[in-house]
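Notes for the one structure printed next.
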Amino acid sequence: MFVETNKAIALLKQGEVVALPTETVYGLSADATNAAAVAEIYRLKQRPQFNPLIAHYADINAVAEDVLLNEAAQKCADNFWPGPLTMVLPQQPQSRLATLTCAGLPTAAVRVPSHPLMQQVLAELSLPLAAPSANISGNITATTAMHVASQFPETLPILDGGACDVGLESTIIDLTTDQPAILRVGGIPQADIEACIGPVHMAQADGQIKAPGMLLRHYAPRSPLILTEPATWPAKAVFIFFGEKPAHIPSHVTCLPLGHTDQAAARCLFQRLHEADALQPDLIVAPLIPAAGLGSAINDRLQRAAQA
Ligand code: TXA
Ligand code: MG
């Protein structure tokens with residue numbers, strides 16, 4: 001059910017869940033200080049309650065009410081907010097966040113999104129909004145209002161803010177220790193963060209859940225997806241490609257372009273996965289792309305989508 005901005009704000013005030021646009025992906029949003037509202041997010045998304053949510057804020061002053069900002073966090077905020085960077089920081093003793101928002105952790109994942117409608121909602125509400133990506137757990141992420149509508153009951157209110165500009169989830173960086181660690185690659189490349197705060201390392205995807213966005217199988221279409229071209233193509237196949245289309249792809253294969261730049265590819269990656277899946281093919285083939293810029297985050301999503 002599509003709603004206007006004022007209706008979305010009114011519903012959020014009442015503790016309802018509303019799907020909102022951000023510059024990264026759509027978020028399934030609710031008042032992050034309201035445990036019952038947050039519980040409804042987990043239920044709708046079919047998400048285990050040990051997997052914490054990101055709290056979204058209008059600006060850094062609002063963020064500072066709930067978490068302790070250290071020097072690295074200040075620098076990152078100056079450089080990347082509003083925008084697709086999420087920081088994990090220790091909560092303030094007087095943090096307003098519901099225990100369930102942070103899954104009982106002493107830390108919180110916080111972000112200031114840049115999408116103008118999300119900004120307007122956050123500013124008028126004066127409350128943090130908990131918002132995981134607006135997809136059922138494990139499914140392909142939603143980057144348009146239609147992607148959201150197709151996954152959830154008709155009763156879910158959705159604010160349509162157009163197609164998401166970045167198209168990939170935020171980069172998540174853990175700044176709770178002296179050694180900053182990237183928990184999830186995303187909309188801000190690692191190199192940009194290192195240019196701002198010095199070396200950061202990649203958290204090991206060893207199953208210990210720091211950021212369960214790291215769960216191995218994720219972003220999964222229903223049809224099998226592989227990263228290398230098969231020796232023989234099945235009758236119904238989709239090829240998702242970066243740059244120029246290779247001449248040797250058989251003519252019966254449906255070819256979907258990602259564009260010629262990492263940013264263009266990020267913007268349409270999930271759209272292409274949704275389109276491919278809607279065709280219900282026997283096989284989806286999506287080779288990895290060059291790792292520069294957003295390429296490594298794109299490849300991360302493709303690799304997870306390919307996990308059988
Ligand atoms: O771009 C995005 O980040 C989108 C939009 C809606 O803002 N949100 C998003 O949320 O991707 P979600 O729930 O799909 O991913 C949030 C990730 C999860 O992997 C979760 O485990 C991690 O953030 N996370 C949240 N709180 C955390 C914490 N305190 N420590 C470590 N990881 C945390
Ligand atoms: Mg997600």
Side-chain angles (χ1 to χ4, degrees), residues 17-30 32 38 41-42 44-57 66-68 80-91 95 97-115 117-119 121-122 128-143 147-148 151 159 161 164-177 180-188 203 205 207-220 266 270 294 297 300-301 304-305:
V17 175
V18 180
L20 298 177
T22 85
E23 75 281 18
T24 58
V25 303
Y26 275 73
L28 207 55
S29 317
V38 173
I41 296 180
Y42 282 94
L44 277 168
K45 191 173 158 79
Q46 298 169 31
R47 177 170 177 132
Q49 293 200 353
F50 58 76
N51 188 356
L53 310 178
I54 296 172
H56 298 70
Y57 296 83
D66 295 330
V67 294
L68 287 155
F80 303 116
W81 281 353
L85 182 71
T86 295
M87 303 188 219
V88 175
L89 292 165
Q91 286 188 66
S95 165
L97 297 174
T99 304
L100 194 53
T101 297
C102 306
L105 296 172
T107 56
V110 296
R111 169 166 118 76
V112 175
S114 66
H115 192 289
L117 282 183
M118 185 68 169
Q119 272 283 332
V121 171
L122 286 165
L129 285 176
S133 52
N135 55 278
I136 305 284
S137 282
N139 283 5
I140 306 172
T141 309
T143 54
H147 296 161
V148 182
Q151 295 193 36
L159 178 60
C164 300
D165 203 37
V166 177
L168 289 177
E169 297 89 343
S170 60
T171 299
I172 303 178
I173 185 163
D174 181 358
L175 295 175
T176 57
T177 67
I182 291 184
L183 303 181
R184 178 178 73 187
V185 288
I188 302 279
Q208 62 155 6
I209 298 211
K210 261 244 155 168
M214 305 180 77
L215 289 178
L216 229 43
R217 182 173 166 80
H218 207 115
Y219 314 104
F270 289 126
L294 297 176
D300 169 82
R301 305 304 188 265
R304 287 176 208 282

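All ligand and atom numbering here is 1-based and tracks the order in the structure.
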So for ligand 1, is [X] a polar contact partner (N or O within less than 3.5 Å, distance only)?
X	answer
T22	no
Y26	no
K45	no
E169	no

Donor-acceptor pair between R111 and T24 side chains, under 3.5 angstrom:
yes
Whether the T141 and E169 side chains hold a donor-acceptor pair (N or O, under 3.5 Å, no angle test) is what I'd like checked.
yes
When every non-hydrogen atom of Q151 is compared with those of N135, the smallest separation belongs to OE1-CA, 3.1 Å
Residues S29 and A131: closest non-hydrogen pair is OG-CB, 3.6 Å
Can you confirm whether F270 sits close enough to L168 that some side-chain heavy atom of one is under 4.5 Å from a side-chain heavy atom of the other?
yes
Residue portion contacting ligand 1 (non-hydrogen atoms closer than 4.0 Å) for I172:
side chain
Number the atoms of ligand 1 from 1 as they appear, then name those within less than 4.0 Å of a heavy atom of A131, with their elements.
6 (C), 8 (N), 10 (O)
By number and element, which atoms of ligand 1 are closer than 4.0 Å to a non-hydrogen atom of G27?
6 (C)
2.8 Å cut-off met by an N, O or S atom of T141 to the Mg ion (ligand 2):
no
Hey, does C102 sit under 4.0 Å from ligand 1 if you only count heavy atoms?
no
Look at atom 4 (C) of ligand 1 and find which of L89, V25, T141, N51 reaches it with the closest heavy atom.
V25
